[in-house]
Q: 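Encoded as structure tokens, here's the structure I'll be asking about.
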There are 2 protein chains.
Amino acid sequence: MTTTDATDTLSVRRRGPSMADVAREANVSGQTVSRVSNGRSNVDADTRERVLAAMRKLGYRPNSAARALRSGRFHSIGVIMFTLSSFGNMRTLDAIAGAATDAGYSITLIPVPHPTQGEVSVAFDRLSEEAVDGVIIVVEAHLLDENDVVLPAGLPVVVVDSTAGGRYPMVDTDQAHGARLATEHLLGLGHRTVRHIAGPERSYSATHRREAWEATLREHGADVPPVLVGDWSSESGHELGLELARDPDVTAIFAANDQMALGVLRAMHEAGRAVPGEVSVVGFDDMEESRSFWPPLTTVRQFFGEVGRRSVEELLHEVETGERGGRTLVATELIIRDSTARPSA
Amino acid sequence: MTTTDATDTLSVRRRGPSMADVAREANVSGQTVSRVSNGRSNVDADTRERVLAAMRKLGYRPNSAARALRSGRFHSIGVIMFTLSSFGNMRTLDAIAGAATDAGYSITLIPVPHPTQGEVSVAFDRLSEEAVDGVIIVVEAHLLDENDVVLPAGLPVVVVDSTAGGRYPMVDTDQAHGARLATEHLLGLGHRTVRHIAGPERSYSATHRREAWEATLREHGADVPPVLVGDWSSESGHELGLELARDPDVTAIFAANDQMALGVLRAMHEAGRAVPGEVSVVGFDDMEESRSFWPPLTTVRQFFGEVGRRSVEELLHEVETGERGGRTLVATELIIRDSTARPSA
DNA sequence: CGCTGGCATGTTCACGTCAACATGCTGAGC
DNA sequence: GCTCAGCATGTTGACGTGAACATGCCAGCG
């Protein structure tokens, strides 16, 4: 019965059945198989059934490479991202993946092992092979600016949480708004001023949060104390927190992310300074665990899901219509828990 | 000068230059361009330079779809994963991405929005389109077993942290070993027995940890108290922790992950039970933040990176040679910090 | 009864690449 | 001077798909 016994030889037969095979089996033309495969309506019910049966029998799977070659569309979007370590990136990626899937696109991850310039170039080199319809970049700004990394011309790009010199459409959490929320909350409670533990100097989001914190203090006529600079890790928050714990004047701390806030909490416990009794602490991100910190952390919630969804939306709009988007800001929300209170004085 | 002014019309010209365009520009045949593109040695230095110049001038990028069609290889591996929410999954994904990139493969994410059977099928449907050379599945076991989800025949698969009925090669953290380490550590400190907060009933890793905890207690002649069942979240750890805090006999708790351990810590603080003074707590995972919990958490470290790397290794081995792997176990390590101590009695 | 329109189905060809098979040239060896 | 090896380069065709363009059939209508 079988027509291709030669297949049974030891030589690994990699290729699966093609349309032609299905067509032969169902006694129709390849084009009819194509129509069934794509759910076209103009196929007789009987014929369709016969074709579907043949597909099932042979285990036919459409070859996406051939489709992409034919149509010029890959139905895939690339995501360039640093080691997925960070909580926010994860959540963003998750949302991107979900939104892309819903839109019928798959996600190709393009990881950047280390955030050094050389490595970033490597990631972009991967793009030199045409394989995605567009790219979402989730990488710190300065790495894009300093590298004269040239993205393939005409490749739609959306940048998340970064500036990229304004060259591309971007989607971003409203960092400034969030930092303002946090600072005003503490000021509103009666604290004379607010200390800030910032993220790394060259980070886009860290910079925006720091600037907004400073601006808010000025607007309210509060002192602007020196910034402490961490590296996003809870370790750095802990170290800097110990430093702040030594200063009795410190009553309010705004950490640029929840991890550093966690480190601050630990430092305060170690130093015997009560939170929120003596010192109030606010974070940024609202990660899953923040509600279970001790005490549960007051923090600025970022809507990573929204950021991811919007960036896919923007990108696919450009992919499908050619129109470039502008800048999209996603709001934040202050989540008040138990790590903040009026100063005891 | 330009030959294709028609391109400038409004109609979006999606396709980039092809080999033929480069060939024309460099005055060589397409085959020569192909040879240069693939770094073959048998090309005259001058010619090569001319071709490279033409490529640069036109912004040529090889079309991966055409390559895949021609070669039958996609140089891409699919990763099926639940919402990337969990810390461990992220880290695993990160390692998978890194290892795949190093091997010249790209990663196609196939997210499963919700861990219900229907959704899993959807994810597998995506695979019905031929587009990856192999698949790594990071999904809880029972969802694979209960669905008669049939993977395309002949598609290499590696399963991570799951059983999948033993149908496929797997790479897994040695859950049992880790749970044993944790339990023996607490027993060794002098605790009479150890309470366990497990992950969800049907989770593969949760089950293995629970079983090993129980077995270890028995081996040491300790009481086997009832298990509490959480859902991996710090919230559930908190709730169950409050329950345990009420029982003065409880002196040692082994939580099945760090998040739940965090919830337990919070519960103990709220209940005024000192950690580790009155109650010792051990987690599982060693997430980045665990060292900054209050107190810093004693926990079982999982080597997610190793798991990811190994699974890629296994998969690519099968992709390239056709040989199926077996089962790979990755060891764990106990990280002792400040949340455990001898019982005060 | 012949004409037309609508529908199911078939045929042809190009998408971009690269393996396999020419071709043509240079120079070493006899 | 002739042969032939060795190398650079060219030509042809096929990978699997689907758009564009046939073809052929039947119903409806004047």
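So that the names make sense, note that chain A is the first sequence line, chain B the second, and so on, each numbered from 1. Quick note: numbers below take in every heavy atom, side chains included, and nothing from hydrogens, waters or symmetry partners.
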Q: If you round to the nearest 0.5 Å, how far is CG of B/Asp133 from CG of B/Leu155?
A: 8.5 Å
Q: Atom NE2 of B/His75 to atom C1' of C/dC18: distance rounded to whole Å?
A: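 For the pair B/His75 NE2 and C/dC18 C1', the rounded distance is 13 Å.
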Q: Over how many whole Å does the gap from B/Phe74 atom CZ to C/dT17 atom C1' extend?
A: 14 Å
Q: Taking 4.0 angstrom as the limit, do A/Glu25 and A/Lys57 come out as a salt bridge?
A: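 A salt bridge links A/Glu25 with A/Lys57.
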Q: Base, sugar-phosphate alone, or nothing: which one does A/Val28 contact when heavy atoms must sit under 4.0 Å apart?
A: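 Answer is sugar-phosphate: A/Val28 comes under 4.0 Å of backbone atoms only.
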Q: Find the distance A/Arg67:CZ to C/dG16:P and express it as a whole number of Å.
A: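 After rounding, the gap between these two atoms is 19 Å.
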Q: Using only heavy-atom distances, determine whether the side chains of B/Thr108 and A/Ser106 contain a donor-acceptor pair under 3.5 Å.
A: no
Q: Mind calculating the distance between CZ (A/Arg48) and C1' (C/dT9) to the nearest angstrom?
A: 13 Å
Q: Would one find a side-chain N or O of B/Thr32 under 4.0 angstrom from OP1 or OP2 of D/dG10?
A: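 Yes, such a contact exists.
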Q: Would you call B/Asp21-B/Arg24 a salt bridge at under 4.0 Å N-O?
A: yes
Q: So, taking the atom named NE2 in A/His75 and the one named CG in A/Leu316, what distance separates them when rounded to the nearest 0.5 Å?
A: 10.0 Å
Q: Looking only at the side chain of B/Leu69 (C-beta and beyond, no hydrogens), which of the listed nucleotides C/dT17, D/dT11, D/dC15 gets closest?
A: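 The answer is D/dC15, which lies nearest to the side chain.
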Q: Less than 4.0 angstrom from a charged side-chain N to a carboxylate O is my criterion; do B/Arg310 and B/Glu306 meet it?
A: yes
Q: Do A/Glu314 and A/Arg324 sit within salt-bridge range, that is, some charged N less than 4.0 Å from a carboxylate O?
A: no
Q: Stepwise, does the side-chain hydrogen bond (donor to acceptor under 3.5 Å, both in side chains) test hold for A/Ser34 with A/Arg70?
A: CA-CA 13 Å; A/Ser34 172; A/Arg70 184 80 242 284; over 6 Å; no
Q: Side chains of B/Leu315 and B/Ser311: closer than 4.5 Å at any heavy-atom pair?
A: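 With C-beta onward as the side chain, the pair stays apart.
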Q: Output the rounded distance in Å from CD (A/Glu129) to C1' (C/dG16).
A: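 Those two atoms, CD and C1', are 12 Å apart.
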Q: Tell me which of B/Ser29 and A/Tyr60 sits closer to the 5' end of DNA chain D, going by the nucleotide each one is nearest to.
A: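 Residue closer to the 5' terminus by nearest nucleotide: B/Ser29.
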Q: Verify the contact: side-chain N or O of A/Thr47 to OP1 or OP2 of C/dT9, cut-off strictly under 4.0 Å; return yes or no.
A: yes
Q: Measure the distance from CE on A/Met19 to P on D/dA19 and round it to the nearest whole Å.
A: 10 Å
Q: Nearest-Å distance, CG (B/Leu58) to P (C/dG16)?
A: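 Between P of C/dG16 and CG of B/Leu58: 13 Å.
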Q: Between A/Ser64 and B/Asp44, who's closer to the 5' end of DNA chain D by nearest nucleotide?
A: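 Residue closer to the 5' terminus by nearest nucleotide: B/Asp44.
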Q: Per the end-axis method with five pairs at each terminus, what is the bend angle of the helix from C/dC1-D/dG30 to C/dC30-D/dG1, to 10°?
A: 60°
Q: Nearest-Å distance, CG (A/Asn42) to P (D/dA19)?
A: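 Value for this atom pair: 11 Å.
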Q: Using atom names, set out every protein N or O paired with an N or O of nucleotides 19-22 of chain C below 3.5 Å, distance rounded to 0.1 Å.
A:
unit_1	atom_1	unit_2	atom_2	d
C/dA19	OP2	B/Arg40	NH1	3.4
C/dA19	O4'	B/Arg70	NH1	3.3
C/dA19	N6	B/Gln31	NE2	2.8

